Amino acid sequence: MEKTNLKHIAIIMDGNGRWAQCRSHERIWGHIRGSKIVSNIVEEADDLGVKALTLYAFSTENWSRPVGEVTVLFKLLKKFLLKERSRILKNNIQFKVMGDTSKLPEKTKKLIADLEEDSKSNVGLKLTFAFGYGGRDEIVSAANKFIKENPGKELTEELLQSYLLLPQLGDVDLMIRTGGDQRISNFLLWQSAYAELYFSQTKWPDFTRVEFRKIVEFVSKRERRFGNVCSSDLQTSKMMAVENKEIITNL
Ligand code: IPE
Ligand code: IPE
Ligand code: MG
């Protein structure tokens with residue numbers, strides 16, 4: 001099976017509500033169906049050799065949703081933890097939650113803490129749920145923490161990065177959003193500065209391993225230049241150095 005060179009993939013799992021509404025069901029039905037496919041995508045990421053998979057499950061902005069919907073999302077997180085715990089441990093996955101989980105029920109907080117503790121030495125896929133997470137909030141908290149610990153010292157990009165919630169995850173290589181909308185919605189703002197973006201029309205409950213794999217294969221072929229020119233242009237420019245020098249002198 002072919003492995004990917006994309007180390008960190010982030011997914012905005014969007015479109016649950018519309019998936020249900022298209023079928024004349026309540027929005028929460030979409031969340032229930034959406035939660036059932038998460039483990040397929042985790043498995044596929046593992047098979048593809050991805051090092052880190054970060055899933056956006058609940059944003060700081062999602063607090064504005066009706067209480068009933070928020071409660072369902074809390075319950076689905078708990079269900080996922082109970083159901084997937086043994087598989088996560090068996091597959092050597094390191095599980096973490098990033099974000100403010102303080103408002104979750106105590107029982108769920110304990111399930112998270114236990115799974116984080118029991119999987120912390122696992123060296124396989126780093127699976128992270130962004131829950132109660134917001135990119136701006138993360139950056140502001142990192143900056144505040146730095147200022148408090150280092151009064152008077154100047155912040156650098158490296159230092160700020162080291163104060164993020166999970167700096168070990170590194171930069172995002174590919175950010176996928178399902179559900180058809182083309183925006184980032186406050187997800188991993190710092191880490192995605194140079195991420196490849198892919199927007200799928202598929203609503204999250206219909207997202208499959210096959211589509212995920214196709215996206216990864218498609219994006220793996222893109223040339224990532226990080227501000228530089230492409231490698232063949234770099235060669236040409238070396239060969240043309242003398243000619244270029246003349247052009248530059250005559251400018
Ligand atoms: C994404 O699906 C799940 C969460 C935000 C928790 P939505 O609930 O946003 O679904 P749509 O975008 O309304 O279809
Ligand atoms: C982003 O989806 C958050 C999650 C998928 C958890 P939203 O549905 O909340 O985003 P907006 O409101 O369309 O930007
Ligand atoms: Mg949405």
Side-chain angles (χ1 to χ4, degrees), residues 1-14 34-59 76-99 101 108 111-133 135 138 161-162 164-178 184 187-188 190-192 194-198 200 202 204-205 207-222 224:
M1 192 169 288
E2 192 147 339
K3 304 284 178 192
T4 177
N5 54 357
L6 302 170
K7 292 193 192 76
H8 184 184
I9 299 183
I11 308 183
I12 302 175
M13 308 182 289
D14 195 28
S35 69
K36 290 191 197 304
I37 70 127
V38 173
S39 56
N40 297 343
I41 305 305
V42 173
E43 239 172 58
E44 189 64 25
D46 211 4
D47 288 352
L48 282 161
V50 172
K51 306 282 179 254
L53 178 69
T54 307
L55 302 173
Y56 207 6
F58 191 83
S59 72
L76 290 171
L77 173 65
K78 182 177 164 198
K79 239 180 139 180
F80 179 89
L81 293 164
L82 287 167
K83 191 162 160 275
E84 298 300 323
R85 186 190 147 85
S86 56
R87 200 173 358 182
I88 285 172
L89 295 174
K90 193 181 96 212
N91 290 332
N92 207 13
I93 292 172
Q94 191 185 103
F95 179 83
K96 284 201 185 312
V97 172
M98 74 191 310
T101 51
T108 313
L111 287 171
I112 293 172
D114 287 351
L115 188 50
E116 285 187 341
E117 176 61 26
D118 296 344
S119 70
K120 73 174 185 209
S121 308
N122 288 353
V123 293
L125 175 73
K126 288 181 179 13
L127 171 64
T128 306
F129 270 36
F131 204 98
Y133 173 87
E138 181 185 26
Q161 147 81 21
S162 72
L164 294 176
L165 291 170
L166 295 174
Q168 66 272 31
L169 297 181
D171 283 348
V172 172
D173 296 302
L174 165 62
M175 183 181 283
I176 299 172
R177 182 181 186 128
T178 62
I184 293 172
F187 192 33
L188 299 172
W190 180 275
Q191 300 87 334
S192 298
Y194 254 104
E196 295 295 323
L197 304 177
Y198 190 97
S200 165
T202 308
W204 178 253
F207 196 59
T208 62
R209 292 177 71 130
V210 175
E211 182 175 359
F212 181 45
R213 173 170 284 267
K214 278 190 184 152
I215 293 170
V216 169
E217 283 168 356
F218 172 73
V219 174
S220 299
K221 292 192 192 102
R222 285 189 194 163
R224 302 181 72 198

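Keep in mind the model is a prediction, meaning the values are calculated, not measured. Basis for what follows: all heavy atoms, side chains included, without hydrogens, waters or symmetry-related copies.
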> Can you check whether Asn92 reaches Val123 side chain to side chain, under 4.5 Å on heavy atoms?
Replying inline: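 They are in side-chain contact.
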> Are Asp47 and Arg209 close enough, and set up right, to give a side chain to side chain contact (heavy atoms under 4.5 Å, CB included), and what steps lead you there?
Replying inline: CA-CA 10 Å; Asp47 288 352; Arg209 292 177 71 130; 2.8 Å; yes
>> Could you work out, with side-chain contact (heavy atoms from CB on, under 4.5 Å) as the rule, every residue matching Leu165, not counting sequence neighbours?
In response: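 For Leu165 the side-chain contact (heavy atoms from CB on, under 4.5 Å) partners, ignoring immediate neighbours, are Met98, Tyr133, Glu138.
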> Got a sec, which residues hit salt bridge (Lys or Arg N to Asp or Glu O under 4.0 Å) with Asp171, two or more places apart in sequence or on another chain?
Replying inline: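 Per chain and number, Asp171 pairs via salt bridge (Lys or Arg N to Asp or Glu O under 4.0 Å) with no residue.
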> Does Phe218 have any side-chain contact (heavy atoms from CB on, under 4.5 Å) partners at least two apart in sequence or in another chain, and if so, which?
Replying inline: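 Tyr198, Arg222.
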> What residues, two or more places apart in sequence or in another chain, satisfy salt bridge (Lys or Arg N to Asp or Glu O under 4.0 Å) together with Lys90?
Replying inline: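 None.
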> Partners of Phe131 by ring-ring contact (aromatic ring centres under 6.0 Å, His included), sequence neighbours excluded?
Replying inline: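 With sequence neighbours excluded, Phe131 shows a ring-ring contact (aromatic ring centres under 6.0 Å, His included) to Phe58, Phe74, given in chain and number order.
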> If you round to the nearest 0.5 Å, how far is CD of Glu117 from CD1 of Ile112?
Replying inline: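 Separation between the atoms: 14.0 Å.
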> Are side-chain heavy atoms of Ser39 and Arg87 found at a separation under 4.5 Å?
Replying inline: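 A side-chain contact under 4.5 Å exists here.
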>> Walk me through whether Glu44 and Val216 qualify under side chain to side chain contact (heavy atoms under 4.5 Å, CB included).
In response: CA-CA 10 Å; Glu44 189 64 25; Val216 169; over 6 Å; no
>> Could you tell me if the side chain of Leu6 sits less than 4.5 Å from the side chain of Val50, heavy atoms only?
In response: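 No, too far: nothing below the 4.5 Å cut-off.
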>> I'd like to check Ile41 versus Met13 (side-chain heavy atoms, cut-off strictly below 4.5 Å). Are they in contact?
In response: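 A side-chain contact is absent here, since even the closest heavy-atom pair is not under 4.5 Å.
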>> Between Ser119 and Phe95 (side chain of the first, backbone of the second, donor and acceptor by atom type, cut-off under 3.5 Å), is there such a pair?
In response: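 Yes.
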> Of all residues at least two apart in sequence or in a different chain, which pass the salt bridge (Lys or Arg N to Asp or Glu O under 4.0 Å) check with Asp173?
Replying inline: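 Asp173 satisfies salt bridge (Lys or Arg N to Asp or Glu O under 4.0 Å) with Arg224 once adjacent residues are dropped.
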>> Testing the basics here: between Leu127 and Ile88, what is the closest heavy-atom pair and its distance to 0.1 Å?
In response: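 Of all heavy-atom pairs spanning Leu127 and Ile88, the closest is CD2-CD1, 4.3 Å.
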>> Test of understanding: with side-chain hydrogen bond (donor to acceptor under 3.5 Å, both in side chains), list the residues that count as partners of Thr202, not counting sequence neighbours.
In response: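 Thr202: side-chain hydrogen bond (donor to acceptor under 3.5 Å, both in side chains) contacts with Ser200, Glu211.
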> Should Lys214 and Glu217 count as an ion pair when the cut-off is N to O under 4.0 Å?
Replying inline: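 No.
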> Can you check side chain to side chain contact (heavy atoms under 4.5 Å, CB included) on Asn122 and Leu89, steps first, answer last?
Replying inline: CA-CA 8 Å; Asn122 288 353; Leu89 295 174; 4.2 Å; yes
> Considering all heavy atoms of both residues, which atom of Leu81 and which atom of Leu115 are nearest to each other, and what is their separation?
Replying inline: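 Residues Leu81 and Leu115, closest heavy atoms: CD2-CD2, 4.0 Å.
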> For Phe212, what residues pass the ring-ring contact (aromatic ring centres under 6.0 Å, His included) criterion, not counting sequence neighbours?
Replying inline: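 Per chain and number, Phe212 pairs via ring-ring contact (aromatic ring centres under 6.0 Å, His included) with no residue.
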> Val38 versus Trp204: any side-chain heavy-atom pair under 4.5 Å?
Replying inline: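 In contact.
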> So which heavy atom on Ile184 is nearest to which on Tyr56, and how close?
Replying inline: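 That closest heavy-atom pairing would be O-CE2, 4.3 Å.
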>> If you compare all heavy atoms of Trp190 against all heavy atoms of Gln161, which two are closest, and at what distance to 0.1 Å?
In response: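 Where Trp190 meets Gln161 most closely, the heavy atoms are NE1-OE1, 3.6 Å.
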> Residues two or more places apart in sequence or in another chain: which of them pass side-chain contact (heavy atoms from CB on, under 4.5 Å) with Gln168?
Replying inline: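 Here the qualifying residues are Lys96, Lys126, Leu166.
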> Taking Leu174 as the fixed residue, which of Leu197, Val219, Thr4 is the one that meets the side chain to side chain contact (heavy atoms under 4.5 Å, CB included) rule?
Replying inline: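 Result for side chain to side chain contact (heavy atoms under 4.5 Å, CB included) with Leu174: Val219.
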>> Using every non-hydrogen atom in the two residues, find where Phe187 and Ile11 come nearest and quote the distance to one decimal.
In response: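 Shortest heavy-atom separation between Phe187 and Ile11 comes out as CE2-O, 3.8 Å.
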>> Going by side-chain contact (heavy atoms from CB on, under 4.5 Å), name the residues that satisfy it together with Lys78, two or more places apart in sequence or in a different chain.
In response: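 For Lys78 the side-chain contact (heavy atoms from CB on, under 4.5 Å) partners, ignoring immediate neighbours, are Leu82, Lys107, Thr108, Leu111.
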> Excluding sequence neighbours, so at least two apart, what forms salt bridge (Lys or Arg N to Asp or Glu O under 4.0 Å) with Asp114?
Replying inline: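 Only Lys110 meet the salt bridge (Lys or Arg N to Asp or Glu O under 4.0 Å) criterion with Asp114.
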> Taking side chain as C-beta onward, heavy atoms only, is Leu53 less than 4.5 Å from Val42?
Replying inline: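 A side-chain contact under 4.5 Å exists here.
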>> Return the CD1 to CD1 distance between Ile176 and Ile215, rounded to the nearest 0.5 Å.
In response: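 Ile176 CD1 to Ile215 CD1: 4.5 Å, rounded to 0.5 Å.
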> Got a sec, which residues hit side-chain hydrogen bond (donor to acceptor under 3.5 Å, both in side chains) with Gln94, two or more places apart in sequence or on another chain?
Replying inline: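 So Gln94 forms no side-chain hydrogen bond (donor to acceptor under 3.5 Å, both in side chains) with any residue.
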> How far apart are the closest heavy atoms of Leu169 and His8, and which atoms are they?
Replying inline: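 That would be O-ND1, 3.3 Å.
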